[in-house]
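Have a look at the structure below before the remarks.
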Amino acid sequence: VAQVPVAEGKSVQQTVEILTRKLELLGAEKQGTFCVDCETYHTAASTISSQGQTGKLMYVMHNSEYPLSCFALFENGPCLIADANFDILMVKLKGFFQNAKANKIESRGTRYQYCDFLVKVGTVTMGPSARGISVEVEYCPCVIANDCWNLLMEFMQSFMANHTPSIPSVFGTKHDSIYSPADTMVQYMELFNKIRKQQQVPVAGIR
């Protein structure tokens, strides 16, 4: 999962169209749509004051590729995979975790199939505005991430050119173990947080 910068002089939507056109010229075929969303929960103030702990953020995420699952991730921490009705549980835990409603972020767009590759090009939005572009590439026959990284890179270069990402940090911890849906969600969480930070204009910069 990688972020693609918006092309100079173009809008987010126009850059997405350039990317998808390149994919279609390669021979990739549309295979429906996808959506990954993320809601941020922070530790309730009452819990912090009573236990003297520092506040923690938890991200509750959904991926249309896994419609029956819900992913709960802590930054630098574990990823819990639960049933889709985990959201209802979060409402009941509002005494411990509170939803930072303004922070909801999602990526949605088109799925493409090209031979054994699955590519998802998405527009990342927060509220009504487009904030960035995500590209997810999967080599379907291989479950050991490090075994196919060079192949993935070669394929990504064919349509992402010099915006091809470096190896994701999650690969470094996996080595020769099996890649799981949770690893994809960790990468989306990192991407969303990076985009959130890019949107925060430092006050000193406003004149």
Side-chain angles (χ1 to χ4, degrees), residues 1-3 12-13 16 31-111 118 120-138 145 168-170 173-174 177-203:
V1 179
Q3 183 183 2
V12 168
Q13 202 46 50
V16 167
Q31 297 274 327
T33 57
F34 80 97
C35 177
V36 176
D37 66 57
C38 173
E39 292 204 54
T40 306
Y41 288 82
H42 53 82
T43 317
S46 56
T47 314
I48 298 168
S49 54
S50 64
Q51 296 179 6
Q53 295 176 335
T54 52
K56 259 194 161 182
L57 293 177
M58 182 167 84
Y59 303 95
V60 176
M61 304 178 71
H62 305 89
N63 187 334
S64 55
E65 207 72 16
Y66 313 104
L68 300 179
S69 298
C70 179
F71 301 83
L73 299 90
F74 284 101
E75 242 174 324
N76 313 317
C79 173
L80 167 76
I81 303 175
D83 288 348
N85 57 7
F86 183 77
D87 295 308
I88 300 158
L89 181 65
M90 288 308 294
V91 174
K92 295 189 170 165
L93 290 176
K94 64 175 181 276
F96 301 96
F97 288 101
Q98 288 176 339
N99 189 338
K101 285 197 166 35
N103 254 339
K104 180 162 184 181
I105 188 167
E106 66 175 29
S107 176
R108 59 172 68 233
T110 311
R111 295 165 90 251
L118 181 62
K120 298 174 196 169
V121 181
T123 302
V124 179
T125 53
M126 261 183 93
S129 55
R131 298 294 176 90
I133 300 156
S134 71
V135 174
E136 179 191 339
V137 182
E138 181 185 343
S169 55
V170 76
T173 55
K174 298 297 281 190
S177 56
I178 290 173
Y179 187 86
S180 73
D183 298 321
T184 299
M185 299 314 280
V186 167
Q187 290 179 69
Y188 269 109
M189 177 187 77
E190 289 171 354
L191 175 95
F192 288 159
N193 281 342
K194 190 170 140 196
I195 288 174
R196 273 197 198 100
K197 287 185 181 112
Q198 285 167 353
Q199 302 307 319
Q200 290 165 355
V201 181
V203 179

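- Shown here for R196 and N103, the closest heavy-atom pair between the two residues is NH2-O, 3.0 Å.
- We find the CD-CG distance between E190 and L73 to be 9.5 Å, quoted to the nearest 0.5 Å.
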query: Step by step, would you call I105 with D37 a side chain to side chain contact (heavy atoms under 4.5 Å, CB included)?
result: CA-CA 6 Å; I105 188 167; D37 66 57; over 6 Å; no

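- Between atom CD1 of residue I81 and atom OG of residue S180 there is a gap of 5.5 Å, rounded to the nearest 0.5 Å.
- With 3.5 Å as the limit, one finds no donor-acceptor pair spanning the side chains of T123 and R131.
- Summarising the geometry of C79 relative to A182, their closest heavy-atom pair is SG-CB, 3.7 Å, with the distance given to 0.1 Å.
- Proximity of V186 to F71: side-chain heavy atoms (C-beta onward) are nowhere separated by under 4.5 Å.
- When atom types are taken as modelled, the side chain of S107 and the backbone of V36 share no donor-acceptor pair closer than 3.5 angstrom.
- Aromatic ring orientation, F97 versus F74: tilted (interplanar angle from 30° to 60°).
- Looking at Q3 and Q198, their side chains do bring a donor and an acceptor atom within 3.5 Å of each other.
- Put simply, the side chain of E106 does not reach to within 4.5 Å of the side chain of C38, judged on heavy atoms.
- Side-chain N/O atoms of E136 and Y188 include a donor and acceptor closer than 3.5 Å.
- Of the possible polar contacts, one joining the S64 side chain to the C35 backbone as a donor-acceptor pair under 3.5 Å is found.
- Heavy-atom minimum distance, V60 versus C70: CG1-SG, 3.5 Å.
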- request: Give the C-alpha distance, both sets of side-chain angles, the deciding distance and a yes or no for side chain to side chain contact (heavy atoms under 4.5 Å, CB included) between I88 and N85.
  value: CA-CA 6 Å; I88 300 158; N85 57 7; 3.7 Å; yes

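- In this structure, the salt bridge (charged side-chain N to carboxylate O under 4.0 Å, His left out) partners of E65, at least two apart in sequence or on a different chain, are R111, K120.
- The closest side-chain donor-acceptor pair between N99 and E39 falls under 3.5 angstrom.
- The two atoms that bring F86 and L80 nearest to each other are CE1-CD2, 3.8 Å, heavy atoms only.
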message: Working note: M90 + Y41, criterion side chain to side chain contact (heavy atoms under 4.5 Å, CB included); need CA distance, chi angles, decisive distance, verdict.
response: CA-CA 9 Å; M90 288 308 294; Y41 288 82; 3.7 Å; yes

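- Counting heavy atoms from C-beta on, the side chains of T110 and F34 never come closer than 4.5 Å.
- Interatomic distance, NZ of K92 versus NZ of K94, reported as 10.0 Å (0.5 Å rounding).
- You'll find the side chain of F192 reaches within 4.5 Å of the side chain of V124, heavy atoms only.
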Residues M189, M61; criterion side chain to side chain contact (heavy atoms under 4.5 Å, CB included); working and verdict: CA-CA 8 Å; M189 177 187 77; M61 304 178 71; 4.0 Å; yes

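- The minimum heavy-atom distance linking A130 with T125 is given by the pair CA-CG2, 3.9 Å.
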